Chemist: 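Sending over a structure as structure tokens; questions will come in a sec.
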Amino acid sequence: MIILEARGLKYAYPDGTVAVQDLNLEIKKGKKISFVGQNGSGKSTLFLLLNGTLKPAEGEVLFHGVPFKYDSKSLRDIRKSIGIVFQNSDDQIFAPTVYQDVAFGPANLGYSKEKVDACVQQALEYVGLSRLKDKPPHHLSGGQKKRVAIAGIMAMEPEVIILDEPLSNLDPVGADEIIELLNEFNHFGSTIIISTHDVDLAYRWSDYVFLLSNSKIIGQGTPSDVFKEPELLKKAGLRQPTTLEIYHEIERRGLAYGRNSPKTIPELVNTLKPLDLMWVDVPPRVREGDSLNIGVMYGEYATQSPYEAINATVLHIHPNGRAIVELKRKGIKAGGVLIYDTDNYSLSEIKQILKEGEIAFVGAMGKKSKTLAEKDGIRLDVSSGVIDKSILMALCGKRCLILTAGGMVDHASKRIKEYVETSGIEFTVGVVNREEGCAWLEETEGSTEMLKM
Ligand SMILES: Nc1ncnc2c1ncn2[C@@H]1O[C@H](COP(=O)(O)OP(=O)(O)OP(=O)(O)O)[C@@H](O)[C@H]1O
Ligand SMILES: [Mg+2]
């Protein structure tokens with residue numbers, strides 16, 4: 001379903017600068033969209049047109065198929081449904097305190113005092129600014145101001161959230177947190193539109209990408225399609241995303257196989273052709289033709305755990321005792337990822353899993369789970385990019401626990417299972433405290449013989 005549409009849009013500033021022209025676009029409901037283009041390409045101007053802050057000189061913008069009208073009541077309705085976070089937070093923030101600033105939108109929507117309070121508290125908690133709620137916004141840092149502006153829009157729960165350069169001014173962990181927040185909103189149905197110069201972000205995060213150059217859209221499509229066109233990127237003054245660049249280099253050296261547009265580090269790792277042959281030290285009793293289990297998984301030794309052995313056949317034994325073995329990839333076992341649904345939270349159960357589950361790595365996704373972990377002193381190894389990092393750890397034979405809740409549980413489980421399927425590397429994935437259970441914890445320890453390489 002198309003939620004937002006522009007037809008034949010043109011906008012020129014009073015000094016005659018044409019900032020947007022010949023612009024047609026359709027945005028589907030519930031998607032994550034990026035507009036990418038260099039400075040001055042027209043992103044901010046387009047965004048102001050898309051929520052009615054600017055009125056086009058030509059063409060029209062449609063919301064749910066209905067053209068925008070520019071009388072003050074219609075504009076109020078549009079802005080209730082299509083929230084915008086400006087590129088420059090100082091254009092957005094004006095109230096005497098952070099709390100009042102975030103409350104401005106919901107109060108204007110006519111919410112009751114209690115509802116305004118609940119929305120504001122939640123939005124501030126989401127962006128991690130609760131403790132600054134009484135500060136004057138102009139005394140905050142650039143990144144903190146950005147968070148106030150984002151909280152102000154989120155508190156109104158618009159159907160479409162437009163964010164002009166949402167990550168500028170944010171430190172890397174703060175940026176990851178905002179992206180996770182946007183994902184959470186998207187997960188519950190909001191359409192999210194961002195502008196960015198960051199091709200890595202646009203490539204990794206978006207469902208659909210528009211390339212802007214010189215006030216026009218010069219390319220659009222899925223990130224894999226848009227970013228594989230070097231000429232198009234050059235025309236837009238952009239570069240290829242780093243993961244793609246590395247992948248192409250791997251490919252040029254004949255080391256790649258499988259999927260050709262990896263977006264995440266686990267996907268990139270998975271494009272590496274696995275080794276077929278390897279030199280290993282073998283004990284004297286081993287003969288040519290013997291079958292062995294080698295305790296290594298993707299370059300990591302696994303001297304104790306039986307979960308990550310690779311079966312291999314000894315092809316040749318050198319007089320110095322080292323042997324060439326042929327690795328059999330089928331049936332490789334890596335570690336595993338266990339997902340804990342914090343909607344059924346029990347601290348004692350988590351403690352038991354951490355104690356008995358040989359968990360090497362714990363991550364949390366979503367504000368609720370992070371807050372629970374913090375409150376109960378559960379040590380988190382990572383709080384952003386949790387799914388990818390868990391996959392990487394599982395590939396190295398480690399077991400991970402992800403704390404999350406609501407729809408994020410199925411989302412995480414689905415993504416990791418998809419990875420297992422496409423990679424052919426078997427590792428356990430399960431939701432631990434739901435009815436379907438997870439057999440992993442009951443798994444008995446095997447007795448795989450390990451050889452040191
Ligand atoms: N108020 C204004 N008056 C006149 N020209 C303007 C005004 N604001 C922007 N422009 C011009 O419109 C064009 C598009 O600017 P816009 O801010 O939309 O680009 P952008 O893609 O958001 O750039 P950036 O990446 O730097 O944020 C530029 O040529 C800019 O100089
Ligand atoms: Mg801009």
Side-chain angles (χ1 to χ4, degrees), residues 4-25 27 32-61 68 70 75 78-79 82-94 142-143 145-150 152-153 160-170 174-175 178-179 182 191-206 208-221 223 226-227 232-241:
L4 197 58
E5 193 179 343
R7 294 185 191 152
L9 222 52
K10 178 175 175 183
Y11 184 83
Y13 283 101
D15 69 356
T17 309
V18 177
V20 165
Q21 57 184 323
D22 301 333
L23 197 135
N24 296 293
L25 61 83
I27 286 172
K32 298 188 286 188
I33 312 284
S34 295
F35 283 84
V36 193
Q38 53 187 166
N39 294 133
S41 54
K43 303 179 295 295
S44 297
T45 310
L46 173 62
F47 280 11
L48 296 174
L49 289 162
L50 290 181
N51 98 323
T53 303
L54 292 178
K55 187 176 174 188
E58 288 173 22
E60 56 184 1
V61 184
F68 280 14
Y70 292 87
L75 285 177
I78 290 168
R79 289 180 198 149
I82 308 174
I84 186 166
V85 177
F86 294 134
Q87 180 162 12
N88 182 355
S89 310
D90 289 327
D91 293 344
Q92 190 135 20
I93 297 175
F94 48 84
K145 282 184 193 165
K146 193 98 201 170
R147 287 159 189 256
V148 173
I150 293 174
I153 294 303
V160 180
I161 307 177
I162 300 180
L163 304 103
D164 198 355
E165 289 288 345
L167 305 189
S168 63
N169 270 339
L170 296 182
I178 294 297
I179 282 294
L182 298 182
T191 308
I192 315 276
I193 304 175
I194 67 165
S195 73
T196 181
H197 309 113
D198 183 343
V199 288
D200 293 310
L201 170 70
Y203 176 61
R204 178 178 79 232
W205 175 80
S206 333
Y208 201 84
V209 176
F210 291 93
L211 287 190
L212 274 178
S213 172
N214 267 330
S215 70
K216 291 181 181 164
I217 291 176
I218 60 159
Q220 60 178 293
V226 167
F227 287 108
L232 193 60
L233 294 177
K234 209 164 135 197
K235 201 169 153 199
L238 300 168
R239 63 161 180 81
Q240 268 206 323

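As the structure lists them, so they are numbered: ligands from 1, and atoms in each ligand from 1. From a predicted model like this one, the values you see are computed outputs, not experimental measurements.
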Chemist: For the pair Lys43 (side chain) and Gly37 (backbone), establish whether a donor and an acceptor sit closer than 3.5 Å, ignoring hydrogens and angles.
Modeler: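 Confirmed, Lys43 side chain pairs with Gly37 backbone.
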Chemist: Go through ligand 1 atom by atom and flag the ones less than 4.0 Å from a non-hydrogen atom of His197.
Modeler: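 Those qualifying, in numeric order: 25 (O).
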Chemist: Centre-to-centre under 6.0 Å for Phe47 and Phe35, is that the case here?
Modeler: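 Ring-ring flag for Phe47/Phe35: true, centres closer than 6.0 Å.
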Chemist: Checking contacts here: is it the side chain or the backbone of Thr17 that comes within 4.0 Å of ligand 1, counting heavy atoms only? Could be both or neither.
Modeler: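 Just the side chain.
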Chemist: Applying a 4.0 Å heavy-atom criterion (strictly less than), which segment of Asn39 is in contact with ligand 1: side chain, backbone, both, or neither?
Modeler: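 Near ligand 1, Asn39 shows its backbone as well as its side chain.
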Chemist: Would you say the side-chain atoms of Thr196 pair up with the backbone N or O of Asp198, donor to acceptor, closer than 3.5 Å?
Modeler: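 A pair under 3.5 Å: yes.
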Chemist: So which atom in Lys146 and which in Gln87 form the shortest heavy-atom distance, rounded to 0.1 Å?
Modeler: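 Here Lys146 and Gln87 meet closest at NZ-O, 3.0 Å.
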Chemist: Looking only at distances, can you tell me whether any N or O atom of Glu165, backbone or side chain, sits closer than 3.5 Å to an N or O atom of ligand 1?
Modeler: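 Min N/O separation from ligand 1 is not below 3.5 Å for Glu165.
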Chemist: Return the minimal non-hydrogen interatomic distance between Tyr70 and Val61, and the atom names on each side.
Modeler: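 Reported closest heavy-atom pair: OH-CG2, 4.3 Å.
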Chemist: Tell me whether atom 18 (O) of ligand 1 lies less than 4.0 Å from at least one protein heavy-atom position.
Modeler: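 Yes, there is one.
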Chemist: Would you give the angle at the Mg ion (ligand 2) between Ser44 atom OG and Gln87 atom OE1, to the nearest 10°?
Modeler: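 OG of Ser44, the Mg ion (ligand 2) and OE1 of Gln87 span an angle of about 80°.
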Chemist: Looking at Gln87, which atoms of ligand 1 are within less than 4.0 Å of one of its heavy atoms?
Modeler: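 Counting from 1, the qualifying ligand atoms are 27 (O).
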Chemist: Students should be able to answer this: which protein heavy-atom is nearest to atom 6 (C) of ligand 1, and at what distance?
Modeler: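 Here the nearest protein heavy atom works out to Tyr13 CD1, 3.2 Å.
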Chemist: Ser44 heavy atoms, cut-off 4.0 Å: which ligand 1 atoms fall inside?
Modeler: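 Listed by number with element, the hits are 17 (O), 18 (O), 20 (P), 22 (O), 27 (O).
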Chemist: Okay, side chain of Ser206, backbone of Tyr203: is any donor-acceptor separation there less than 3.5 Å?
Modeler: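 No, Ser206 side chain to Tyr203 backbone: no donor-acceptor pair under 3.5 Å.
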Chemist: Please step through side-chain contact (heavy atoms from CB on, under 4.5 Å) for the pair Leu238 and Val36, ending with a clear verdict.
Modeler: CA-CA 9 Å; Leu238 300 168; Val36 193; 3.5 Å; yes
Chemist: Just need the protein heavy atom nearest to atom 16 (P) of ligand 1, so name the residue and atom and give the distance.
Modeler: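 Nearest protein contact, heavy atoms only, for atom 16 (P) of ligand 1 is Thr45 OG1, 3.6 Å.
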Chemist: Identify the heavy atoms of Asn39 and His197 that sit nearest to each other, and give their distance.
Modeler: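 That would be ND2-NE2, 3.2 Å.
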Chemist: I'd like to check atom 30 (C) of ligand 1 in this structure: does the protein have a heavy atom lying under 4.0 Å from it?
Modeler: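 Neighbour list for atom 30 (C) of ligand 1 is empty of protein heavy atoms (cut-off 4.0 Å).
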Chemist: Give the residue and atom name of whichever protein heavy atom lies nearest to atom 14 (C) of ligand 1, and the separation in Å to one decimal.
Modeler: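 Residue, atom and distance for the closest contact: Gly40 O, 3.5 Å.
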Chemist: Considering both backbone and side-chain atoms of Gly42, is one of its nitrogen or oxygen atoms within less than 3.5 Å of a nitrogen or oxygen in ligand 1?
Modeler: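 Between Gly42 and ligand 1, an N or O pair is found under 3.5 Å apart.
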Chemist: So, regarding Ala19 and ligand 1 (criterion: nitrogen or oxygen to nitrogen or oxygen, under 3.5 Å), is there a contact or not?
Modeler: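 No.
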Chemist: Between side-chain atoms of residues 49-56 and protein atoms elsewhere (two or more places apart, or another chain), which donor-acceptor pairs fall under 3.5 Å?
Modeler:
from  : atom 1 : to    : atom 2 : distance (Å)
Asn51 : OD1    : Thr53 : N      : 3.3
Asn51 : OD1    : Thr53 : OG1    : 2.6

